[in-house]
Protein chains: 2
Amino acid sequence: MRIGELSKRSGLSRDTLRFYEKQGLIHSHAGAAATNNYRDYPEDTLIQLEQIADAQAAGMSIADLILFLSQLEAADSEDFDGEAFLQARIDEVTDRIRRSERFLDSLRRAKQVLATPPTEP
Amino acid sequence: MRIGELSKRSGLSRDTLRFYEKQGLIHSHAGAAATNNYRDYPEDTLIQLEQIADAQAAGMSIADLILFLSQLEAADSEDFDGEAFLQARIDEVTDRIRRSERFLDSLRRAKQVLATPPTEP
DNA sequence: CAAAACCATTGACTTAACTCCATGGTTTTG
DNA sequence: CAAAACCATGGAGTTAAGTCAATGGTTTTG
């Protein structure tokens, strides 16, 4: 599909998609018509964009994401401990979830307070 | 306590603490010695800083945090629906946790793959 | 008591992740 | 077929959340 459709279906702006592609998070190939230079994005780019959104929600930077993706592909590089890298991310995300849940509790408590009318003395 | 101790105990830089104070997230008062202009931070600032870290981990911006804090204090302002605001944050954080957990799963699966030696054909 | 360590203030700088704009070419549509 | 809608590229601008550097005053310490 072309970038306009991808943008509409993913909810991301064209600029964001081009930015992601420049960073190497998604990929496209030249379209069928040789007359233009329009790019074509495969259908599963939508799934990848969802995964990117998940990763971002978990606090990963794009730089980390690129490293993570290279882990999925490579699975064997000398000078890089993939397992250690992944474990470090797992620890980070776990901690972030813990903190998020703690914060969620205080949001709920605050709402509770707001919803409860003050008692007459 | 003075800013140096707060920095050491919280793990945040002085600059960050001053930045937070300028934003209104933490507060201090003039110290005992009238001869200088050193500021004094109450003990429970440390707790507040932990809560701020939780909120940030949950994806809240400082601007939102300030609104949230004002909710805790005020509890009654005409032109502002505190409950709706809090519910919106609750929904956001809930979704973020959901996505984070999904991402955590793929991190764990990736590590599993890496840890499993390829099977001989 | 002097050097080292600390403090406040101001303003410029940095980084990540976009976002906008200008330009010029291509497709689609009424 | 012309206007509207779409596309690519390059580069500048924006925002949030800090970080750094310069200056000048204050405390602590060996």
Side-chain angles (χ1 to χ4, degrees), chain A residues 1-42 45 48-69 89 92 96 99 103, chain B residues 1-42 45 48-69 89 92 96 99 103:
Chain A
M1 86 194 78
R2 298 204 299 216
I3 201 171
E5 189 185 343
L6 185 59
S7 168
K8 208 158 290 171
R9 291 220 263 156
S10 68
L12 298 170
S13 76
R14 283 154 212 249
D15 277 332
T16 296
L17 295 171
R18 295 217 181 86
F19 172 71
Y20 282 177
E21 184 162 12
K22 193 175 292 177
Q23 304 294 314
L25 289 179
I26 60 176
H27 302 278
S28 65
H29 52 81
T35 117
N36 62 23
N37 56 344
Y38 292 5
R39 313 253 44 185
D40 190 77
Y41 295 85
T45 307
Q48 290 165 25
L49 289 172
E50 270 301 305
Q51 292 168 343
I52 291 169
D54 288 352
Q56 299 225 94
M60 298 271 289
S61 69
I62 286 181
D64 278 348
L65 250 175
I66 289 164
L67 275 178
F68 171 56
L69 291 182
R89 292 324 108 185
E92 277 173 24
R96 190 176 288 263
R99 283 182 178 277
F103 182 66
Chain B
M1 86 194 74
R2 299 204 298 215
I3 201 169
E5 188 183 345
L6 185 59
S7 169
K8 208 158 291 175
R9 291 220 264 156
S10 68
L12 299 169
S13 75
R14 281 154 214 249
D15 277 332
T16 296
L17 295 171
R18 295 214 181 87
F19 173 71
Y20 282 176
E21 184 162 13
K22 193 175 291 176
Q23 303 295 315
L25 289 179
I26 59 175
H27 302 279
S28 65
H29 52 80
T35 113
N36 63 22
N37 57 345
Y38 292 4
R39 312 254 43 185
D40 189 79
Y41 295 85
T45 306
Q48 289 165 26
L49 288 172
E50 269 300 305
Q51 292 169 342
I52 291 169
D54 288 352
Q56 299 225 92
M60 298 271 290
S61 69
I62 286 180
D64 278 349
L65 249 175
I66 288 163
L67 276 177
F68 171 56
L69 291 183
R89 292 323 108 186
E92 278 173 22
R96 189 175 289 264
R99 283 183 178 277
F103 181 65

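Naming convention: chains lettered A, B, ... in sequence-line order (proteins, then strands); numbering from 1 in each chain.
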Less than 4.5 Å apart, side chain to side chain, heavy atoms only: is that true for [X] and [Y]?
| X | Y | result |
| --- | --- | --- |
| Y20(B) | I62(B) | yes |
| T45(B) | L17(B) | no |
| R2(B) | R39(B) | no |
| Q56(B) | R99(A) | no |
| I52(A) | L49(A) | yes |
| F68(B) | R89(B) | no |

Rounded to whole Å, how long is the line connecting atom [atom1] of [X] with atom [atom2] of [N]?
| X | N | atom1 | atom2 | value |
| --- | --- | --- | --- | --- |
| D40(B) | dC6(C) | CG | P | 17 Å |
| R18(B) | dC20(D) | CZ | P | 14 Å |
| N37(B) | dT10(C) | CG | P | 11 Å |
| L17(A) | dA8(D) | CG | C1' | 14 Å |
| I26(B) | dA17(D) | CD1 | P | 15 Å |
| R14(A) | dC20(C) | CZ | P | 13 Å |
| D64(B) | dA17(D) | CG | P | 9 Å |
| L6(A) | dA8(D) | CG | P | 11 Å |

Atom pairs, N/O to N/O, protein against nucleotides 15-19 of chain C, distance under 3.5 Å?
unit_1, atom_1, unit_2, atom_2, d
dA17(C), OP1, I62(A), N, 3.1
dA17(C), OP2, I62(A), N, 3.4
dC18(C), OP2, Y20(A), OH, 2.9
dC18(C), OP2, Q56(A), NE2, 3.1
dT19(C), OP2, T16(A), OG1, 3.0

Quick test of your reading of the model: are E21(B) and R18(B) salt-bridged, counting only N-O distances below 4.0 Å?
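Looking at E21(B) and R18(B), the cut-off is not met.
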Please tabulate, one pair per line, each protein N/O and nucleotide N/O from nucleotides 1-5 of chain C that are separated by under 3.5 Å, including the distance.
none

Side-chain N or O of R39(A) versus OP1/OP2 of dA8(D): is the shortest distance under 4.0 Å?
no
Within the structure, does a side-chain N or O atom of N36(B) lie under 4.0 Å from either OP1 or OP2 of dT27(D)?
yes
Quick one: pull up CG in D54(B) and CZ in F103(A) and give me the separation to the nearest 0.5 Å.
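If I round to the nearest 0.5 Å, the distance is 8.5 Å.
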dist T16(A):OG1 -> L6(A):CG (nearest 0.5 Å) comes out at 11.0 Å
Heavy atoms under 4.0 Å, any strand shown: does R2(A) hit a base, just sugar-phosphate, or nothing?
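Contact class for R2(A): sugar-phosphate only.
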Please report the closest heavy-atom contact between D40(A) and M1(A), naming both atoms and the distance.
OD1-N, 3.2 Å
Closest approach of I66(A) to Q23(A) (non-hydrogen atoms, all atoms of both residues):
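Shortest heavy-atom separation between I66(A) and Q23(A) comes out as CD1-O, 3.2 Å.
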Which string of ( ) [ ] | and . matches DNA chain D, if you list each base 5' to 3' and count Watson-Crick or G-U pairs only when both distances are under 3.5 Å?
||||||||||||||||||||||||||||||
